[in-house]
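See structure below.
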Number of protein chains: 2
Amino acid sequence: MPTLADVGKAAGVSRGTVSNVFNRPELVRPELRERVEAAARTLGFGGPDPKGRLLRDGKFNAIGFMPPGAYAIAEVMRSPYGRELVLGVSLACDEAGTTLSLVNGTDNTRFASIREALVDGFILGHSADIGLITSAQRRRLPFVILESDAGPDINSIKIDGRSGAVAAVRHLTGLGHRHFGILSIRRTPGPPIVHMPGQAKRPLLAGFPLDDERLEGFKQGLAEANLSIDDVPIIETTPGDPSAGAVVFDNVPEATAILTMSDWQAITILDEAVRRGIEVPGHVSVIGFDGTAESARTTPPLTTIAQDVIGKGRLAARMVLDNEPPRQVVLPVELVVRASTAAPRAKIR
Amino acid sequence: MPTLADVGKAAGVSRGTVSNVFNRPELVRPELRERVEAAARTLGFGGPDPKGRLLRDGKFNAIGFMPPGAYAIAEVMRSPYGRELVLGVSLACDEAGTTLSLVNGTDNTRFASIREALVDGFILGHSADIGLITSAQRRRLPFVILESDAGPDINSIKIDGRSGAVAAVRHLTGLGHRHFGILSIRRTPGPPIVHMPGQAKRPLLAGFPLDDERLEGFKQGLAEANLSIDDVPIIETTPGDPSAGAVVFDNVPEATAILTMSDWQAITILDEAVRRGIEVPGHVSVIGFDGTAESARTTPPLTTIAQDVIGKGRLAARMVLDNEPPRQVVLPVELVVRASTAAPRAKIR
DNA sequence: CAAAATTCTTGGAGCGCTCCAAATTATGGT
DNA sequence: ACCATAATTTGGAGCGCTCCAAGAATTTTG
């Protein structure tokens, strides 16, 4: 690969002049400029290597997005929520003329990824992992963490998941439901986990603030209706597990309403319901979470706890781009009633 | 920002040793190592700056994805097709441990973006723009161009769009349709363009090989049924234009079948049909293109010309990652019949 | 026509790091 | 103790570029 210096030598001028030809051509006498350009062509020099410039001025002009937990970028792209989040981030990047780097990191390589990412700032997916935050702080780059509050010194954006969960339950109890099932999220790879009532270890503290908060909201909402979450089966499946719906119906046949942690999970249930000939909301009501665009397109359209996912992504990007003093933002959430919830039938299916 | 040298000075050791402490700690005597680590902590040195390493070994460990035409990354993320494509790319990046950089570029900055992107290779969205290819070649980095064949020296991946288009028309004429409307894509920003039969300038050569090919396929398919594309209204809308459906129904009320260029467009039509009480496929058949996941979830599910979008993205990434001799890949396409197409009713609505 | 003003070019000084051959120090066996 | 051997540590040599002060060439001015 030829360098500025090579071209300079070939054209009989200095490095600096060649640099000028490419970056500030108006500074170079036309005739000389042409000579340099000719030399560059002959040597197959396609312009200054960005590496050099980078080292010089020290800006990558990029921000990094690191998926939550140990998820890969591809998993983010698969989920309706993840896509909208990335869309929001990319919107802000478009506006700022910044590159968006989707940084991968498996469990073991996540720290190295943060240490070495070629970015000027980070967006960290939600994480219970304090180590990750420390890694990010070491980089001395602006960053924001999603879906968990990491204290006053750290940028964070989350939604009011608890209120959302409470609202979901209230909506359903208001409709008359008394028999629930909860489809929660398993944050480690593996098959669904079924927690039936009465079992010892209930997953109320899974370790992910995101999930814990919603579970607590469900608990509170149920308590308001004199119901105990301890009597409600809780199933945990990985986010995109297509068997989620089946596991729910197999294990919680008496439920008239299913609470979920995401639209994606709710959609899985809808799909399984179709396969089994179970009517939604006739036989069972299903409520989603996130209010993604997908939730409006299902059959029937999903009742869901909506948040502004795109806005959240955009705000996250802006926060790292603007590098202002740390803020902890809590975004509101809103119950959107559509057609997947209704009063339970008098007689249980 | 402290550097290796600073830490070295503070700890009374050389640059090299500090580097070793961070990169190959086993090479450094534990006691010394600790001293260095202590010094690093005091100075707030968070590890070697990736910039330096980068310059040294010259690899970014990233590939860039540049959206087609003058679209922004956000526009790609909005479209079902774009999302699956990026998903496929990210899948390959996950596997390779590579970062995926979503490189923005407006009309004016696209060339600069290519020149300066901090990547080891490129995936270029489809483009009629020869300048872009030249830019990419100048970088002397592996790259692949999507949806247009740029000659034997350049990596490219496209689908057999013509055959797909022919298959779409055959399916519909086979069902008995004789009255068509085509919803094509406008590749510049702006309102829909309506080309009614008999008008002078018909958009058969829009300049985007991607679109041209499909239009030709439609033409051929129609010809096979003794129909002329010159008698078929062609409407062009930008990819995500939500008014597309309305424009189609307003301008082509007599059509019994609508051919589209993407599932996204077809979905728009479905939405508008619901609003107007037009039945699909009762009153009008609609056929999509791409076979994205979304196409299976609509009401009714879309008949579409399916391609393996995820596989395409993955292959594209692999091609630039592997940096093998240039290939021109043409991917097959398949008619997937679902419920949005049916025989036309005897009497036109 | 010389001096002053203007326009171009030059090359040193980094940017922060890793590699590597050479130098230094420690270890172990007589 | 002494030397061979092994284990550590060192610092020069880049990586390719841009900035910038200073020098050179050219043009303008009086």
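Order of the sequence lines fixes the chain letters, A, B, ..., with proteins taken first and strands second; residue numbering starts at 1 for each chain. Every heavy atom of this structure was used, including side-chain atoms; hydrogens, water molecules and symmetry mates were not.
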Which atom pairs, one a donor and one an acceptor, fall under 3.5 Å between side chains of residues 55-74 of chain A and the rest of the protein, sequence neighbours left out?
unit_1	atom_1	unit_2	atom_2	d
A/Asn61	ND2	A/Gly97	O	3.4
A/Tyr71	OH	A/Arg187	NH1	3.3

Which is the 5'-most and which the 3'-most nucleotide of DNA chain D that has an atom under 4.0 Å from a heavy atom of chain A?
D/dG16 to D/dC19
Of A/Glu26 and B/Arg24, whose nearest nucleotide on DNA chain C comes first from the 5' end?
A/Glu26
Going 5' to 3' through nucleotides 20-28 of chain C, assign each nucleotide B (protein heavy atom under 4.0 Å from a base atom), S (under 4.0 Å only from sugar-phosphate atoms) or - (no protein heavy atom that close).
---------
Under-4.0 Å salt bridge between A/Arg314 and A/Glu95:
yes
Examine the side chains of B/Arg186 and B/Thr188 and answer whether a donor and an acceptor come within less than 3.5 Å of each other.
yes
Cationic N near anionic O, under 4.0 Å, B/Asp129 to B/Arg110:
yes
So what does B/Thr17 hit on the nucleic acid, given a heavy-atom distance under 4.0 Å: a base, only sugar-phosphate, or nothing?
base
Comparing B/Arg56 with B/Leu27, nearest DNA chain D nucleotide closer to 5' gives the residue B/Leu27
Touch check for A/Phe45, heavy atoms < 4.0 angstrom, all strands: base, sugar-phosphate only, or nothing?
sugar-phosphate
Please tell me whether A/Ser101 and B/Thr99 have a donor and an acceptor in their side chains that are separated by less than 3.5 angstrom.
no
If you apply the rule side-chain contact (heavy atoms from CB on, under 4.5 Å), what do you find for A/Ile185 with A/Phe208, and how did you get there?
CA-CA 10 Å; A/Ile185 296 189; A/Phe208 270 74; over 6 Å; no
Spacing of CG belonging to B/Leu315 relative to CD1 belonging to B/Ile157, to within rounding of 0.5 Å:
3.5 Å
Rounded to the nearest 0.5 Å, what separation is found between the CD atom of B/Gln328 and the NZ atom of B/Lys158?
11.0 Å
Identify whether any heavy atom of B/Leu32 sits under 4.0 Å from a base atom; if not, whether one sits that close to sugar-phosphate; answer base, sugar-phosphate or nothing.
sugar-phosphate
